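The structure under discussion appears below in the form of structure tokens.
FYI, the numbering just counts along the sequence from 1. Here the structure is a predicted model, which is why all the values come from computation and not from measurement. No hydrogens, no waters, no symmetry mates; every other heavy atom, side chains included, goes into these values.
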Amino acid sequence: MGTTFFFASAAALVTDPHTYKSLPYDPMKDFEVIASIAEVSFVLVAHPSVPATTLRELIALAKGRARQAHGRD
């Protein structure tokens, strides 16, 4: 009998069960975390034409345009 190691992102174990109707595995029962290999950073980027240079400005811009996006203006 062999041993299989599975390197997975959060998507395979956290997001996928909520995204797909059925999976060939149960992330809570079929796997045991033995080590954290890496920590991933995320970045938020926008086109240079977007008039926001900080996250706070981007959120304010989005909130201001929310009514427009939903056809309320």
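Leu23 and Phe7 fall into different hydrophobic clusters, where Ile, Leu, Val, Met, Phe, Trp and Tyr side chains are chained together by heavy-atom contacts under 4.5 Å.
Across all their heavy atoms, Pro17 and Leu13 have their closest contact at CG-O, 3.8 Å. In terms of heavy-atom proximity, Ile34 sits nearest to Phe5 at CD1-CE2, 4.0 Å. Nearest heavy atoms, Thr15 versus Thr19: O-OG1, 2.9 Å. Residue Leu44 comes nearest to Leu55 through the heavy atom pair CD2-CD1, 3.6 Å, listed as atom of the first residue, atom of the second, then distance.
A distance of 6.5 Å separates CD1 in Ile59 from NZ in Lys63, rounded to the nearest 0.5 Å.
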